[in-house]
Enquirer: 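Attaching a single structure in structure tokens format; questions to follow.
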Amino acid sequence: MDISAGSDYAVRALLCLSDAYLADPTTLMASVDIAAEQQIPVKFLEAILSELKHAGLVDSKRGAHGGYHLGKHPREISVADVLRIIDGPLAAVKGENPESVKYQGSAAHLQEVWIAARVAIRDILEEVSLYQIATNKLPARITKTLDKPGAWKRR
């Protein structure tokens, strides 16, 4: 699975906003402050925040004392929600949904593997909320996978 820069930046920006929200739900953060904290290019971040606003995950207020804040509680926003907004479906085969692709001959059952992979990705990314990441309360099922042999090695 390839996580785009846009998705990575979006989750990181929302985690900044989650911290602010958990301290005080009315807190506004300027895009330049989010960008500085997370080392995200400001123009790129502003485009991402615009997409997240359009999707209802963030709200904004203009003016000298304006900025951004979460549109809902961080418990209600999963990592999967963010990735879908920024990059579309979690798993695609050549830009198509796995259930749409057809294979023949020895590859006839490959579609089933792609669908199973999508289920595995969903199982993790739909379960983890911004709140769980921001408060370091990841589900035990998720943290257990980090102890599997090779989990921290690229293959």
Side-chain angles (χ1 to χ4, degrees), residues 1-98 100 114-148 150-155:
M1 174 178 187
D2 182 42
I3 298 165
S4 72
S7 285
D8 180 61
Y9 291 166
V11 172
R12 289 167 42 204
L14 288 170
L15 287 169
C16 282
L17 293 173
S18 294
D19 281 345
Y21 183 99
L22 293 170
D24 176 1
T26 63
T27 300
L28 296 170
M29 288 189 75
S31 59
V32 294
D33 294 333
I34 298 168
E37 180 181 321
Q38 290 299 314
Q39 299 179 341
I40 300 170
V42 177
K43 290 292 184 191
F44 197 0
L45 176 61
E46 288 173 350
I48 290 167
L49 289 169
S50 177
E51 286 185 68
L52 296 172
K53 181 180 177 183
H54 181 73
L57 295 191
V58 299
D59 289 324
S60 66
K61 180 180 175 186
R62 292 180 178 220
H65 302 287
Y68 293 89
H69 64 95
L70 288 184
K72 49 180 136 179
H73 195 285
R75 279 188 183 100
E76 299 174 37
I77 304 171
S78 73
V79 175
D81 295 334
V82 181
L83 271 58
R84 285 185 181 113
I85 290 165
I86 301 301
D87 290 327
L90 296 177
V93 179
K94 300 182 286 182
E96 294 184 46
N97 292 324
S100 299
W114 299 148
I115 291 172
R118 180 178 62 187
V119 169
I121 292 167
R122 282 180 181 166
D123 283 350
I124 293 171
L125 299 181
E126 288 178 349
E127 182 177 351
V128 178
S129 71
L130 296 179
Y131 175 82
Q132 291 168 315
I133 298 169
T135 60
N136 194 24
K137 295 180 181 176
L138 293 174
R141 187 176 78 76
I142 303 302
T143 58
K144 284 180 186 177
T145 65
L146 301 175
D147 295 330
K148 289 185 176 183
W152 293 88
K153 293 182 182 174
R154 183 179 176 145
R155 301 194 271 186

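Keep in mind that this is a model prediction, so the values were computed, not measured.
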Enquirer: Donor-acceptor check, side chain of W152 to backbone of L146, threshold 3.5 angstrom: yes or no?
Expert: yes

Enquirer: Under 6.0 Å between the ring centres of Y21 and H73?
Expert: yes

Enquirer: Are S31 and Y68 packed together at the side-chain level, in the sense that at least one heavy-atom pair is separated by less than 4.5 angstrom?
Expert: yes

Enquirer: What is the distance from atom CE of M29 to atom CG of L17, rounded to the nearest 0.5 Å?
Expert: 6.0 Å

Enquirer: Identify the heavy atoms of A35 and V42 that sit nearest to each other, and give their distance.
Expert: CB-CG2, 3.6 Å

Enquirer: If I compare all heavy atoms of L130 with all of L15, which pair ends up nearest, and what's the gap?
Expert: O-CD2, 3.6 Å

Enquirer: Output the distance between atom CD1 (I34) and atom SG (C16), rounded to the nearest 0.5 Å.
Expert: 6.0 Å

Enquirer: Using modelled atom types only, decide if a donor and an acceptor are shared between the side chain of D81 and the backbone of S78 within a distance under 3.5 Å.
Expert: yes

Enquirer: Should we count CG of N136 as having more than 12 external heavy atoms under 6.0 Å?
Expert: no

Enquirer: Okay, side chain of S50, backbone of E46: is any donor-acceptor separation there less than 3.5 Å?
Expert: no

Enquirer: Which heavy-atom pair separates A10 from I86 by the least distance, and what is that distance?
Expert: CB-CG1, 3.7 Å

Enquirer: Using every non-hydrogen atom in the two residues, find where G6 and I48 come nearest and quote the distance to one decimal.
Expert: O-CD1, 3.7 Å

Enquirer: Hey, can you tell me if F44 and Y9 have their rings parallel, tilted or perpendicular (30° and 60° cut-offs)?
Expert: perpendicular

Enquirer: Locate the shortest heavy-atom distance separating D8 from R12; write the atom from each residue and the value.
Expert: OD2-NH1, 2.8 Å

Enquirer: Please examine the side chains of L45 and Q38, heavy atoms only from C-beta on, and report whether any two atoms are closer than 4.5 Å.
Expert: no

Enquirer: Give the minimum heavy-atom separation between L49 and V58, together with the two atoms involved.
Expert: O-CG2, 3.6 Å

Enquirer: Please check this pair: side chain of T27 against backbone of D24, looking for a donor-acceptor N/O pair closer than 3.5 Å.
Expert: yes

Enquirer: For the CD atom of Q132 and the OG atom of S18, what is their distance to the nearest 0.5 Å?
Expert: 11.5 Å

Enquirer: More than 12 heavy atoms of other residues, nucleotides or ligands under 6.0 Å from CZ of R62: is that the case?
Expert: no

